Q: 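The following block contains the structure, expressed as structure tokens.
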Amino acid sequence: MPHPIGHDLLRRLPKAELHCHLDGSIRPSTLLELGREHGVPMPVDDTVGLAEYMVVRDARHLEDYLARFDVTLSVLQTADALERASFELAEDSADDGVRYLEVRYSPVLNVRHGLTLGEAVEAPLRGLERARREYGIIGRVIICALRNLPPGMSLELAKLAVSYRDRGVVGFDLAGPEAAHPASEHAEAFAWAHAHDLACTCHAGEGAGAESLREAIHDCGAHRLGHGTRLIEDASLMRYVNDHRLPLEICLTSNVQTRAVASYAAHPLRRYFDAGLPLALCTDNRLMSGTTLSNEYAMAALHLGFTFDELCDIALASFESCFLPVQERDALVASVRRDIGDLIAEQAA
């Protein structure tokens with residue numbers, strides 16, 4: 001008889017987190033403390049109540065979901081706050097069995113009180129490095145441009161990302177409201193990243209259809225796709241993504257919240273997996289989605305019938321899809337492959 005997939009087993013499974021927003025993953029207790037420290041009132045004045053308030057349960061679409069970020073960004077405006085938030089995110093992730101973490105955010109949203117863009121990058125990098133020393137988790141940064149800001153700002157952020165390429169920034173991304181904000185308008189920023197050998201991902205197929213994914217792939221040259229939920233609508237493009245091994249960063253709970261899918265069971269993850277696409281399960285926003293990476297794996301098992309062996313395959317593929325240099329990635333994959341093999345053997349005993 002197969003063993004049931006318990007939470008402790010999923011927590012022990014070595015995992016890579018490739019799509020996690022810093023400003024969507026702050027601890028509720030920290031959010032409350034920073035609000036008091038900086039004189040910023042919170043919508044709810046106790047940790048439990050604030051945690052419940054920040055989980056998005058009533059969104060009609062992606063834009064409603066994104067509105068909660070106004071709360072977290074109100075206190076992420078100092079170097080100390082950014083460093084603390086990134087350290088705690090890595091600490092919490094390590095406790096959840098995450099060995100590699102790519103944290104993404106848009107530094108242009110963290111400079112309201114006088115930080116330079118460079119300072120807004122260096123602070124999270126310090127937090128991630130401290131977590132590496134204390135917990136062994138490897139943390140890197142992806143810098144996001146935003147669809148609803150001018151393309152010139154996207155180019156500036158791409159240049160910022162390139163300038164920190166050898167100091168902990170491993171990628172460039174485009175996030176924000178997808179509908180009516182085509183990725184093609186920001187193609188120059190992606191071109192700059194490509195010309196300077198920086199990896200790119202792009203949010204697409206979450207708040208808009210498969211045509212948005214076409215732009216992310218063909219106009220912006222994305223190496224990975226953030227969400228990709230509606231790729232299933234375009235069979236030809238789905239074959240292209242598979243043929244060219246473009247990984248999808250899948251965020252189950254977030255996709256249900258933003259109405260990208262009607263339910264967990266309706267999510268195309270199972271069909272993507274069965275078709276052989278490279279996949280990574282991700283949290284998107286631990287705070288707004290009230291989730292952990294282990295929980296996302298649990299939802300895949302509960303609602304989409306994934307076995308533990310299949311979840312192990314996804315976990316390994318996540319490491320293989322990370323933006324680390326090849327030597328570091330290969331060493332990490334080899335280590336994880338051994339540990340996953342041991343875990344599978346333990347369950348079979």
Side-chain angles (χ1 to χ4, degrees), residues 17 19-56 65-96 98 101-135 137 139-146 149 153 156-157 160-161 163-164 167-169 173 175-176 283-292:
E17 166 70 280
H19 190 127
C20 183
H21 291 267
L22 177 61
D23 41 6
S25 301
I26 187 170
R27 290 175 182 169
S29 57
T30 297
L31 189 56
L32 201 57
E33 289 175 19
L34 290 174
R36 290 168 178 165
E37 178 182 337
H38 296 288
V40 178
M42 289 292 113
V44 182
D45 200 36
D46 69 273
T47 299
V48 174
L50 184 58
E52 175 64 22
Y53 173 87
M54 291 303 295
V55 175
V56 181
Y65 181 89
L66 295 176
R68 287 291 202 286
F69 283 80
D70 291 342
V71 178
T72 56
L73 286 168
S74 69
V75 297
L76 290 177
Q77 300 298 326
T78 68
D80 286 348
L82 286 166
E83 181 176 343
R84 175 180 177 179
S86 62
F87 171 79
E88 291 178 349
L89 170 55
E91 181 180 40
D92 293 343
S93 297
D95 184 62
D96 190 42
V98 176
L101 169 67
E102 289 178 358
V103 180
R104 64 183 69 193
Y105 69 110
S106 185
V108 72
L109 300 178
N110 305 104
V111 297
R112 299 172 186 169
H113 296 169
L115 286 181
T116 65
L117 286 173
E119 289 169 338
V121 174
E122 291 162 11
L125 290 174
R126 287 195 299 272
L128 294 175
E129 173 57 23
R130 182 156 63 95
R132 185 197 63 79
R133 294 194 304 268
E134 295 191 20
Y135 301 105
I137 184 172
R140 297 293 185 266
V141 163
I142 294 174
I143 289 180
C144 298
L146 296 171
L149 294 183
M153 177 55 70
E156 183 176 350
L157 289 166
L160 178 72
S163 71
Y164 282 90
R167 290 182 277 175
V169 172
D173 179 29
T283 59
D284 201 9
N285 301 286
R286 291 169 60 102
L287 176 63
M288 283 71 161
S289 291
T291 195
T292 65

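Note that the structure is predicted; figures quoted are calculated from it, not measured. If you read the sequence from its start, that first residue is 1, and numbering goes on from there.
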Q: Any chance you could lay out the side chain to side chain contact (heavy atoms under 4.5 Å, CB included) test for L157 and C144, step after step, and finish with the verdict?
A: CA-CA 7 Å; L157 289 166; C144 298; over 6 Å; no
Q: Taking the side chain as every heavy atom from C-beta outward, state whether V71 and M42 have any pair of such atoms under 4.5 Å apart.
A: yes
Q: Do S289 side-chain atoms and R286 backbone N/O form a donor-acceptor pair below 3.5 Å?
A: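 Side chain of S289 to backbone of R286, a donor-acceptor pair under 3.5 Å: no, none is there.
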Q: To the nearest 0.5 Å, what is the distance between CD1 on I137 and CD on E91?
A: 10.0 Å
Q: Looking only at heavy atoms, what is the nearest atom pair of R104 and D173, with distance?
A: NH1-OD2, 2.9 Å
Q: So, applying side chain to side chain contact (heavy atoms under 4.5 Å, CB included) with L115, which one of L76, V121, L82 is it?
A: L82
Q: Considering all heavy atoms of both residues, which atom of A90 and which atom of L101 are nearest to each other, and what is their separation?
A: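 Minimum heavy-atom contact is CA-CD2, 3.8 Å.
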Q: Just verifying a value: how many Å separate L32 CG and D46 CG, rounded to the nearest 0.5 Å?
A: 7.5 Å
Q: Using the rule given for side chain to side chain contact (heavy atoms under 4.5 Å, CB included), can you reason through E52 versus V44, listing the C-alpha separation, both sets of side-chain angles and the distance that settles it, and then say yes or no?
A: CA-CA 9 Å; E52 175 64 22; V44 182; over 6 Å; no
Q: Any donor-acceptor pair under 3.5 Å linking the side chain of Q77 with the backbone of L109?
A: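 Indeed, once roles are kept as given, a pair shorter than 3.5 Å links the two residues.
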Q: Rounded at 0.5 Å granularity, tell me how far OG1 in T72 sits from CG in D23.
A: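 Between T72 OG1 and D23 CG, I get 5.0 Å after rounding to 0.5 Å.
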Q: Restricting to non-hydrogen atoms, name the atom on T30 and the atom on E88 that form the minimum distance, rounded to 0.1 Å.
A: OG1-OE1, 2.5 Å
Q: Rounded to the nearest 0.5 Å, what separates atom CG in L160 from atom CD1 in I143?
A: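 It comes to 4.0 Å.
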Q: Show the numbers, then the answer: is there a side chain to side chain contact (heavy atoms under 4.5 Å, CB included) between V75 and E37?
A: CA-CA 9 Å; V75 297; E37 178 182 337; over 6 Å; no
Q: Is there side-chain contact between Y105 and N110, with at least one heavy-atom pair below 4.5 Å?
A: yes
Q: Out of curiosity, I26 CD1 to L31 CG, how far, rounded to the nearest 0.5 Å?
A: 5.0 Å
Q: Does any N or O in the side chain of T283 come within less than 3.5 Å of the main-chain N or O of C20, such that one atom is a donor and the other an acceptor?
A: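 Judged by distance alone, no pair lies under 3.5 Å.
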Q: As a quick check of understanding, evaluate side chain to side chain contact (heavy atoms under 4.5 Å, CB included) for R130 and S86, giving each step before the final call.
A: CA-CA 10 Å; R130 182 156 63 95; S86 62; over 6 Å; no
Q: Charged N to carboxylate O under 4.0 angstrom, E33 versus R84?
A: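 So E33 pairs with R84 through a salt bridge.
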Q: Tell me every residue that passes salt bridge (charged side-chain N to carboxylate O under 4.0 Å, His left out) with R36, counting only those two or more places apart in sequence or in another chain.
A: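 Checked R36 against salt bridge (charged side-chain N to carboxylate O under 4.0 Å, His left out); matches are D45.
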Q: Would you name the heavy atoms of V169 and A161 that are closest together and state the gap between them?
A: CG1-O, 3.7 Å
Q: Does S25 have any side chain to side chain donor-acceptor pair (under 3.5 Å) partners at least two apart in sequence or in another chain, and if so, which?
A: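 If we apply the side chain to side chain donor-acceptor pair (under 3.5 Å) test to S25, skipping adjacent residues, there are no hits.
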Q: Does R68 make a cation-pi contact with Y53 (under 6.0 Å, within 45 degrees of the axis)?
A: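 Satisfied, under 6.0 Å and within 45°.
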Q: From L146 CG over to L66 CG, what is the distance, rounded to the nearest 0.5 angstrom?
A: 9.5 Å
Q: With under 30° as parallel and over 60° as perpendicular, where do the rings of F87 and Y135 fit, or are they tilted in between?
A: tilted
Q: Below 4.0 angstrom, N of the basic side chain to O of the carboxylate: do E129 and R132 qualify?
A: yes
